[in-house]
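Shown next, in structure tokens, is the structure this report addresses.
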Amino acid sequence: MQAFRHVLVVILVAAVAYVYFVDLPLGAKFVILAWPVSSVAINERQLHKQRAAAAEQAARATRSLPDQVLHAYRERT
């Protein structure tokens, strides 16, 4: 997913250059620029969800009694 960021940055720079140099209607410019931005937003959301899941998995892996009680309480509520 990290490589995807770099590819999208290149695509976004190319889209900005294309919109700047080519005379297009305003709506077309918006669509051309919104496509890579929406892809970046979706990718970042997926990365955030993966990091949150990994952090919760690591937190559940601890074997201390207070952590076990806290997780049991969270699961009940």
Side-chain angles (χ1 to χ4, degrees):
M1 293 258 190
Q2 296 290 351
F4 189 66
R5 284 181 179 174
H6 300 297
V7 170
L8 283 175
V9 167
V10 170
I11 291 172
L12 183 60
V13 169
V16 168
Y18 184 76
V19 165
Y20 181 75
F21 290 115
V22 177
D23 187 28
L24 295 171
L26 186 60
K29 289 181 180 183
F30 175 74
V31 170
I32 289 171
L33 293 176
W35 173 73
V37 170
S38 65
S39 298
V40 168
I42 292 168
N43 183 44
E44 290 301 317
R45 179 68 180 144
Q46 289 173 343
L47 287 174
H48 176 71
K49 288 170 86 175
Q50 288 176 352
R51 279 188 238 119
E56 184 162 347
Q57 185 68 25
R60 290 182 180 270
T62 61
R63 295 292 177 203
S64 67
L65 183 60
D67 286 339
Q68 291 177 0
V69 171
L70 176 64
H71 292 305
Y73 173 76
R74 284 184 182 169
E75 290 174 358
R76 280 188 292 160
T77 58

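Atom OG in Ser39 sits 7.5 Å away from atom CD1 in Ile11 (nearest 0.5 Å).
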Show which side-chain atoms of residues 16-23 pair as donor or acceptor with protein atoms under 3.5 Å away, not counting sequence neighbours.
none

Atom pairs and distances, donor-acceptor, side-chain atoms in residues 29-38, under 3.5 Å, two or more places apart:
from  : atom 1 : to    : atom 2 : distance (Å)
Ser38 : OG     : Ala34 : O      : 3.1
Ser38 : OG     : Trp35 : O      : 2.8

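Residue Leu26 belongs to no hydrophobic cluster, having no ILVMFWY side-chain heavy atom closer than 4.5 Å to its own. Cluster partners of Ile42 are absent, since no Ile, Leu, Val, Met, Phe, Trp or Tyr has side-chain heavy atoms less than 4.5 Å from it.
Scored by the side-chain contact (heavy atoms from CB on, under 4.5 Å) test, Ala14 finds no partners at all (sequence neighbours excluded).
For the salt bridge (charged side-chain N to carboxylate O under 4.0 Å, His left out) condition, the pairs that include at least one residue of residues 33-48, sequence neighbours left out, are Arg5-Glu44.
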